[in-house]
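No hydrogens, no waters, no symmetry mates; every other heavy atom, side chains included, goes into these values.
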Amino acid sequence: YLLIMSLLFLFVVNLNPYCQTRALDSYKSYPLLVEAFLNGKTSIDIEIPEYIKNMDNPYDNLSRRAAATEVGKDPMTLWDMAYYDGQIYVYFGAVPAIMIYLPFYVIFGTHIPDWVAMLIFSILTIGAILFFVYQLCKKYFKKTSMLTYFLVSTLLIFSCSLIDLAKVPVIYNFPIISALFFSFLGLGLWIMASNHPKVKKIPLALGSLCIALTAGCRPQFLISMFFAFFIFYPNYRKNKKLIFSLKTFLAFFLPFVIIGLFAMYYNYIRFDSVFDFGANYNLTTNDMTHRGFSFDRFFSGVYYYLFLTFYVNPIFLFYQYQVMNLNYFGMIIIEPTLGGLFFLRPIVLLGFFLYKWKDNFKQKELYWWGYAAIFFAIVIMLLDIQMAGLLPRYLNDFTWLFLLPVVFILLMNDNQSDGKNKRSLQKIIFSLLIFTFIFEFFNMFKYDVDLKIGNAKLYNYLHYLFHS
């Protein structure tokens, strides 16, 4: 199975060569960061144009573009890089660079191609998802069939938008896919550790290490640490002395302390604050140092992320990116999107009806874990709306959380005895799975930069396949 998925993602990362050749400064962020680390620095050794140094507010995009045009420079210079105190920094999480880019550069003396790094992360994340679902089945759903195990795993792989991330192997997607990898692996290790009366210390510590490392990928995923309560509460209930065990205490908390101290030190030496990851100093479409908070953003944001219908037409690829019209008078960053989560991944709606199966869950902590995941998904979505904007890739910050209760329902249903309700649910699930797989098939070929520009031969072949 892993070999088949690896070949699929090898195909995906090479579908559109245009996505491998774009050369904005931000796309070189990790190679530049690796070189900086090896030189004992955290700032990037890159020329800063004088017009940026001389500006009163270099974060104002319109002013920066005007200044660049006035001196005949490229206004996209240093795009999406952090400018602070006269230095340029990479604000994207450093863990992917340290994990993949740094060893490759040290061993081979050249930088790993982004598409190769993305393929590695894709395979690792697929493996982590398989491991997570396996541990769920081993502890909570022991009667799960092999077919259901692979169906649920495939659903997670596709619905977590791994294809969306892999098909555009650029800097923006690495923090997200690496955070997904560490989240699923960490939760799987925690479940493994908890599936023992005294709690296994090594998987407990490794799980905490993985969850802690999400802070160095994409901090939004650190919210998964709260799931420890639902995983380990039954162990505590059976043995209340467990919480006073020094070895257990250290195995759980020490990785968070160590990674937290490293992260805070890394932030402090760059931005003079242990809690500042540097995203606000980004040279991008808007001045994030003055972004502020506006309650009105929530209305547009929630509709964009959840309820926006996708646009279907009779021409291959049959649906297209759309720009949502807004009547919001303040600053809100928005990019074209295919649609809201409830239309692109309708199977997540099943999770909201988890209460209908409450009595079927032998382990009630799974029931509450499911609704906690939905709650945290909404929290992350609202934070993204205020702190970042409305961008399709930010769906990946919380889609996986909406999927967790769905996974619990699918596995629970497979472990039930045969009955009318089980067969009815199986039909609904099967229909939603078919929709998901068909959508993801066409989604492989859909880009913000059209496939007919990046890979005209493949586009024409597929076009005439459907319109011969």
What are the two closest non-hydrogen atoms of [X] and [Y], and how far apart are they?
| X | Y | value |
| --- | --- | --- |
| Thr125 | Ile177 | OG1-O, 3.4 Å |
| Asn173 | Val168 | ND2-O, 2.8 Å |
| Phe221 | Asn396 | CZ-O, 3.5 Å |
| Leu390 | Tyr304 | O-OH, 3.3 Å |
| Tyr305 | Leu391 | OH-N, 3.2 Å |
| Gly339 | Leu344 | O-CD1, 3.2 Å |

If the condition is side chain to side chain donor-acceptor pair (under 3.5 Å), which residues does [X] pass it with, not counting sequence neighbours?
| X | result |
| --- | --- |
| Ser224 | none |
| Tyr1 | Thr154 |
| Glu35 | His111 |

Test side-chain hydrogen bond (donor to acceptor under 3.5 Å, both in side chains) applied to Asp276 and Tyr281, step by step: CA-CA 10 Å; Asp276 195 340; Tyr281 309 115; 2.8 Å; yes
Over 12 non-hydrogen atoms of neighbours within 6.0 angstrom of CG in Asp45: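 Not more than 12 within 6.0 Å, no.
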Would you list the pairs meeting salt bridge (Lys or Arg N to Asp or Glu O under 4.0 Å) in which at least one residue belongs to [range], sequence neighbours left out?
| range | result |
| --- | --- |
| residues 85-100 | none |
| residues 152-161 | none |
| residues 206-231 | Arg218-Asp397 |

Using the ring centroid of each side chain, check whether [X] and [Y] are separated by less than 6.0 Å.
| X | Y | answer |
| --- | --- | --- |
| Phe398 | Phe376 | no |
| Phe375 | Tyr371 | no |
| Tyr105 | Tyr101 | no |

Tyr84 side chain to Asp272 side chain, donor-acceptor N/O pair below 3.5 angstrom: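 Per modelled atom types, Tyr84 and Asp272 side chains form a pair under 3.5 Å.
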Do the ring planes of Trp400 and Phe184 sit parallel (below 30°), tilted (30 to 60°) or perpendicular (above 60°)?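 The arrangement is perpendicular - the two ring planes meet at more than 60°.
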Pairwise side-chain contact, Ile120 with Phe104, heavy-atom cut-off 4.5 Å (strictly under):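 With C-beta onward as the side chain, the pair stays apart.
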What residue among Ile44, Thr42, Asp80, Val34 forms side chain to side chain contact (heavy atoms under 4.5 Å, CB included) with Val90?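 The single option meeting the side chain to side chain contact (heavy atoms under 4.5 Å, CB included) with Val90 is Ile44.
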I'd like to know whether Ser63 forms a side-chain contact (heavy atoms from CB on, under 4.5 Å) with Asn57, so could you lay out the CA-CA distance, the side-chain angles of the two residues, the decisive distance to 0.1 Å, and finally the verdict. CA-CA 8 Å; Ser63 298; Asn57 182 12; over 6 Å; no
Are the side chain of Thr214 and the backbone N or O of Ile211 linked by a donor-acceptor pair below 3.5 Å?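 Yes, because the side chain of Thr214 sits within donor-acceptor range (under 3.5 Å) of the backbone of Ile211.
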